Amino acid sequence: MNPVRTAAIALCFFATLQESHAVDFDKDIQPILKERCLDCHGPDKQKSGFRVDQRPILLKGGDSGVRSVVPGDPTKSHLIELLKSADEDEIMPPKGKPLNAEQIALMEKWIAEGAVIPGQMDAVVKVTSDLWSLKPVQRPEIPGLAEAKTPIDAFLLAKLHAKNLSYNPVADPRTLIRRVSVLLTGLPPTPERVTKFVTESKADEAGAYRVLVDELLASPQFGERWAQHWLDVIRWAESNGSEANLYRKNAWIYRDYVIRSFNENRPYDQFVREQLAGDQMGNGEATGFLVAGPHVPAATVGREPAAIRQARADRLDEIMQTVGASMLGMTVGCARCHNHKFDPISIQDYYSLTAVFQGVEFGGRRPELSMDHPRVQRANELYPKLNRERKILREGVGVWEEDNGGYMDMVFPNTTTQVLRIEFDKAQTFIDELEVFGTRDFKENLAAASAGTKLVEDPAMADPGAGVQKANDGEYGTMIWKSKAVAGSSMNPWVEIHFPQAQEVNRFRFSSNREYYFETDYLDNGNKGGKSNFPGYRILAQLADGTWKEVASTQQARSALKKDATLKTASTRLHEYLNTLAEEGPRHSFVGSFHKPEVTHVLSRGSPENPADEVMPAGFAVLDGDLGLDSSTPDAERRKRFAEWLTRPGHPLTARVFVNRIWHHLFGSGIVPTTADFGKAGTAPTHPELLDYLAAEFVKPQDQGAKAWDIKDLIRRIVLTDAFRQSSAPRNDGLQADAGAALLWRYPPQRVEAEVIRDSILQASGKLDPTLGGRSFRIHDVKKTYAQWKVIDNHGPETWRRMIYQERMRRVDDRIFTAFDFPDCGQVSPKRPVSTTPLQALNLMNSDFVVEQSEFIAQRAQSEVGKDHLDAVVKRCFLLLLNREPDADELAASLDVAKATGLPLVCRSLINSNEFAFLP
């Protein structure tokens, strides 16, 4: 049938129906549904999770997540869209003839009248699930086993006994100290600490081990080790990963926050809340979590509105992946285009969750820090020095410039005016933001459009695509105001700033691309981290009689410095203090920026071009995620309320997911092996009762003196178990019943991570720089915007810090340790893969780093025991690298190699051994 003719008939028929009686569901609609729909969407079969005989499901929709029927509005009802579709792959019903015009008109009228189905008007769809991970955590009874020294052992032994298995014997002291040291700090023990532990264990095995564990938990290296695990799962890196893969300036501030949090034993619920809403808790740097994933910057996206909308949706999806994998343990992103295929997460849930973070944007800001934060304290030391130099300039000339790198300030005497005029010296001007500050509140931007201020430019110089309104819209970056002098004219670009009422002002600020300066570096074109190219200008204030008075100019400020040495010295010192403040005080960092949230809609099929129903900020419906918010709720309140919902003691996922992740890092596999997927597509827990016991104890411990959400206490409990302390030796009965040791009849041997291998080599050579925190060390070049990063120095002295401080660029091979399955930071990595490749052996034998460090290890051993005693030197090399002395055969072979080709080759061979790269 001709679609146009069908539509015309339907309109006529619908108009006729409007004047007739109300549609009767049983007489008019039910026969159509029974004949054409119920076979596929009825009580016996529900294709796409949809049925037409239940009003709540009609209203809710099927797997697509789009509402099928919107009572009162046929035009928004997906059912009508499908019935009328001209797409043969989409039209319903898919077989037989389409519904005729009269039938469609009846359906439309029925929907317009409220989609009444007698007996079902009060029925609702209650979201339920039988998924184990969404059920409340229940504290189980601890199995009563006499040989179990801890509750954890009791659960494990009960499972083992059911398989006629038991634990291995306790590992020897050398094995145990190496294992627990690497797992808790990422570094092996020193030979001296091994000797001490072996000696103390002979007198009091359990006591010596407890002392060792407490020592390791208190070590500053503990935070570096466990921060790396967290950074893996959230894909944190210092570049954005797009085509340009630009550097994220000062993103490392967040990495240091994570290290500090683990070292300070920050309660996990607080750790979660700070990363979601740290700007409201005096830890603004923690929100780097929200923007840890990759994103495409505005310059790459371009100015096409559809591309901008798609990029924004993609950035929100990156946040969903981060939150879902790390804190919820659910594959939230699977519900972006339709209801989750496995788990009770609807497309409405997905977009309600994006609504929580609708005010978050990838970028940077100066983080909010508490008064006791070290950076705030350092700033408070510098402010008096800054103000002392400013006083000299104020009294000496009254007008001066302050170059803050990304923006320029001009300070001038207090002036009351309703209009400022800025006249630039150059024929072409590019400005992303103009700001004016006054005496009432030195932080309030009086020039902002949101304050009612309007900007006026010369229409003859205007660029239609980059109007002056972009200069006070509060957005920094590439969306700029452009103005260009008319050819042959002597007039350069200018702008007038019209305040709603007269203001007392004394500071003007502007920038050409502040976002680029503060968030990008290491580029050989444009901003290289140096000063921006600011034009000269003069500032005029309009007086009450309409005349103009010049109040400041760059020429006036610069001339004064040339003429007066005292002023020149004050300006120099002022900028030295400003540079120190930028480095050591609160600094603009890539930790996210916050804006007024837009209204959030479900995006049909995940496309921003198909917005559907409006949704409110909320968690998952199946977990009572209603936060009591709406589209007018400010950004900060949304994130705060969500953080409270996520960390409430009764949430079934938060504690389970985290304690399972801790277990994974201590045993090599989680109780739930799929640590970031607690859904039906994930793996069921091997010990569900133990998981719930740990989760319950973590949130509300019953041990006297234990604290809730205590990460170090949780780790201590696990590593003090007999399960953790047992030998890793294989046994025939264990291998036959449980080859993978999932039941933990032995400690599962595992290869250490790339960081452990590298840091252990540096520790053995004595070259490891133990400095905690701070700016990452560089191994990359200076590049063009769309070029790839190149590694230019991966082994020099500047790189001898722990690997967590190596600049972490997405998709960049560091040419040594990436071969050991170091993640590329593009995908969530809750569990690193373990591969075995020839490149690993080649890197550990022939790379510049290993060759150089082997020389240092040999030199260290010789200096510590004397060059004349080669057998003692070889033994020392074994102790430095393997925490043990060689046996007779090993010693003989090593002496032969040392005599023939040199001691460094012995060290390189030990570094290349399985014993060095695997936990015993």
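The model shown is predicted, which means the values in this text are computed figures rather than measured ones.
One distance of note links CE of Met809 with OG of Ser776; it measures 8.5 Å at 0.5 Å rounding.
Remark: the Tyr351 side chain and the Asp613 side chain contain no N/O donor-acceptor pair separated by less than 3.5 Å. At a cut-off of 3.5 Å, with distance as the only test, a side-chain donor of Asp821 or Ser835 sits close to an acceptor on the other residue. Side chains of His340 and Thr331: a donor-acceptor N/O pair is present below 3.5 angstrom, by distance only. Of the N and O atoms on the side chains of Glu361 and Ser593, not one donor lies less than 3.5 Å from an acceptor on the other residue. Checking Asn245 against Ser239 by side-chain atom types alone, a donor-acceptor pair falls below 3.5 Å. Of the N and O atoms on the side chains of Gln726 and Asp722, not one donor lies less than 3.5 Å from an acceptor on the other residue. Using modelled atom types and a 3.5 Å distance limit, the side chains of Ser352 and Asp349 yield no donor-acceptor pair.
Contact detail for Asn168 and Ser728: the closest heavy-atom pair is ND2-C, 4.1 Å. The two residues Pro608 and Arg309 come nearest to each other via the heavy atoms CG-O, 3.7 Å. Pairing each heavy atom of Ala154 with each of Ile142, the nearest pair is CB-CG2, 3.8 Å. Closest non-hydrogen pair, Glu274 versus Tyr257, comes out as OE1-OH, 2.6 Å. Contact record, Ala741 with Trp745: CA-NE1, 3.6 Å, taken as the closest heavy-atom pair. Closest approach of Gln358 and Arg312 over heavy atoms only: O-NH2, 2.5 Å.
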Give the intermediate values and the outcome of ring-ring contact (aromatic ring centres under 6.0 Å, His included) for residues His41 and Phe50. CA-CA 6 Å; His41 302 289; Phe50 180 62; 5.5 Å; yes
Go through the steps for Phe222 and Asn263 under the test side-chain contact (heavy atoms from CB on, under 4.5 Å), then give the verdict. CA-CA 6 Å; Phe222 171 82; Asn263 276 336; 4.0 Å; yes
Check step by step if side-chain contact (heavy atoms from CB on, under 4.5 Å) holds for Met327 and Thr654. CA-CA 6 Å; Met327 296 176 176; Thr654 310; 5.9 Å; no
Taking it one step at a time, do Gln275 and Trp230 satisfy side chain to side chain donor-acceptor pair (under 3.5 Å)? CA-CA 12 Å; Gln275 291 178 99; Trp230 186 256; 2.9 Å; yes
For Phe678 and Leu328, run side-chain contact (heavy atoms from CB on, under 4.5 Å): C-alpha distance rounded to whole Å, both residues' side-chain angles, the deciding distance at 0.1 Å, then the answer. CA-CA 8 Å; Phe678 275 44; Leu328 290 165; over 6 Å; no
Walk me through it: do Gln806 and Glu755 pass the test side-chain contact (heavy atoms from CB on, under 4.5 Å)? CA-CA 10 Å; Gln806 178 177 293; Glu755 298 92 326; over 6 Å; no
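Listed for the Asp343 side chain is no donor-acceptor partner under 3.5 Å among the backbone atoms of Met330. Distance alone, capped at 3.5 Å, places no donor-acceptor pair between the Asp703 side chain and the Ala706 backbone. Although no hydrogens or angles enter the test, the distance criterion places no donor-acceptor pair under 3.5 Å between the side chain of Arg746 and the main chain of Leu735. Under the 3.5 Å distance criterion, the side-chain polar atoms of Thr674 are left unmatched by any main-chain donor or acceptor of Ala676. Distance alone, capped at 3.5 Å, places no donor-acceptor pair between the Arg235 side chain and the Ser829 backbone. Side chain of Arg751 to main chain of Leu919: no donor-acceptor pair is present (N/O by atom type, distance under 3.5 Å, no hydrogens or angles). With hydrogens and angles disregarded, no donor-acceptor distance shorter than 3.5 Å links the side chain of Thr300 to the backbone of Val296.
Among residues at least two apart or in separate chains, ring pair (Phe, Tyr, Trp, His ring centres under 6.0 Å) pairs with a member in residues 641-663 are Tyr268-Phe658, Phe357-Phe642, Phe642-Trp645, Trp645-His651, Phe658-Phe698, Trp663-Phe667.
Counting heavy atoms from C-beta outward, Leu720 and Val213 have side chains that approach closer than 4.5 Å.
Arg248 forms no cation-pi arrangement with Tyr254, by the criterion of a distance under 6.0 Å to the ring centre and an angle within 45° of the ring axis. The side-chain tip of Arg179 points at the ring of Tyr747 from less than 6.0 angstrom away and within 45° of straight on.
Between Phe590 and His295, the ring-plane angle classifies as tilted under the 30° and 60° cut-offs.
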